[in-house]
Amino acid sequence: MSTGIETLKGRDLLGLADLTSLEVLSLLELAAQIKAGKVNPHCPKVLGLLFTKASTRTRVSFSVGMYRLGGQVIDLRPDATQVGRGEPLEDTARVLDRYLDVLAIRTYEQQDLITFAQYASIPVINALTDLEHPCQIFADLLTLREAFGQLEGLTLTYLGDGNNVAHSLLLGCALVGVNIRVATPKDYQPLPNFVEKAKMLAGDRSSVLITTDPQAAVDGAHALYTDVWASMGQEDLASNRIPIFQPYQVNLSLLAKADTDAIVLHCLPAHRGEEITTDVLEGSQSRVWDQAENRLHTQQALLASVLGAKIE
Ligand code: CP
Ligand code: NVA
């Protein structure tokens, strides 16, 4: 198959910078072909899910994606395993390595993910950490590709908190030639190392803009993207943040400044009336449900790719 399904065989995905531009584009093409029913990868292997934070989309899309490959899933809930009782990650990783074929981890510290990857030889996938959410971005890019037919030259504006999703969007957009603008309050900008890495990956193919000005950031953009103002683990900070983030709310007046064909994206879950208004989330320019569906096709493509699945 021309998209190179075995491109990522045996590989870890700890962050988007682990991938090349070609690998991301190839993964999107595979997901599109799976979605269209043109290919049907088969891989009767076992995925472990080790999630220490809540999840609906990631948990279910990974699970259904694995079932569609003919595989099985084990949900390693921390409260039902020795992980929750403090067994060292190094020990857990070496044991799970002997049972599983691939492991997706959602947790707080990026370092915990790195530790797992160091001690387990199976592919370890970042299903969200405080620093990155790479799997989300495959679905976002596929949704953009479906809406506009191509990626290179588009402009995506992210508004809100310079969080894990913002970090991965910076890297993902830079990898595929999408101009990325990130507008946040001044004390909530993405970490400088992600901005620098994105600029390096973008080269002179696309631009990377970090700003505190939401109005300028949305001017002519092809996509507006937002996420919650307080991520998992930051719930105590949520109410204090509301007035600080208000100017970055994705509402009809901000959307009017974007391109007339602009689409609206949100990784979900959404807080209506905070980072996005109900009329925009439910409006004709919203693509959030397609975006959520695309988690499934891109997760299935990623699993097929890292497992070296057979195509039927
Ligand atoms: N977007 C996303 O990752 O959703 P979940 O937290 O429900 O997995
Ligand atoms: N930034 C959010 C994303 C949830 C999918 C969080 O980490 O909670």
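In each ligand, atom 1 is the first atom listed, and ligand 1 is the first ligand listed. What you see is a predicted model; the values in this text were computed from it and never measured.
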Flag for Asp140-Tyr158: side-chain donor and acceptor within less than 3.5 Å
no
Q) Can a donor-acceptor pair be found between the side chains of Thr155 and Arg181 at a distance below 3.5 Å? A) no
Heavy atoms of Tyr119 and Ala93 approach each other most closely as CB-CB, 3.7 Å
Using heavy atoms and a strict 4.0 Å limit, residues surrounding ligand 1 turn out to be Ser55, Thr56, Arg57, Thr58, Arg106, His133, Gln136, Cys267, Leu268, Arg295
Go through it in stages, so that I can follow the logic: the residues are Arg287 and Leu265, the test is side-chain contact (heavy atoms from CB on, under 4.5 Å), and I'd like the CA-CA distance, side-chain angles, deciding distance and then a yes or no. CA-CA 6 Å; Arg287 292 290 178 280; Leu265 300 173; 4.0 Å; yes
Could you check ligand 2 for N or O atoms lying under 3.5 Å from protein N or O atoms and list the pairs with distances?
residue	atom	partner	partner atom	Å
ligand 2	1 (N)	Asn163	ND2	3.3
ligand 2	1 (N)	Asn164	OD1	2.9
ligand 2	1 (N)	Asp227	OD2	2.6
ligand 2	1 (N)	Ser231	OG	2.7
ligand 2	7 (O)	Asn164	ND2	2.8
ligand 2	7 (O)	Ser231	OG	3.4
ligand 2	8 (O)	Met232	N	2.8

Residues 45-58 vs salt bridge (Lys or Arg N to Asp or Glu O under 4.0 Å), sequence neighbours excluded, gives Lys53-Asp130
Side chain to side chain, Ile137 and Leu16, heavy atoms closer than 4.5 Å:
yes
Between Tyr225 and His266, does the ring centroid distance fall short of 6.0 Å? no
Notebook entry, point to check: Would you say the side-chain atoms of Glu275 pair up with the backbone N or O of His271, donor to acceptor, closer than 3.5 Å?
Noted result: yes
side-chain hydrogen bond (donor to acceptor under 3.5 Å, both in side chains) pairs touching residues 80-92, sequence neighbours excluded, are Gln82-Arg85, Asp91-Arg94
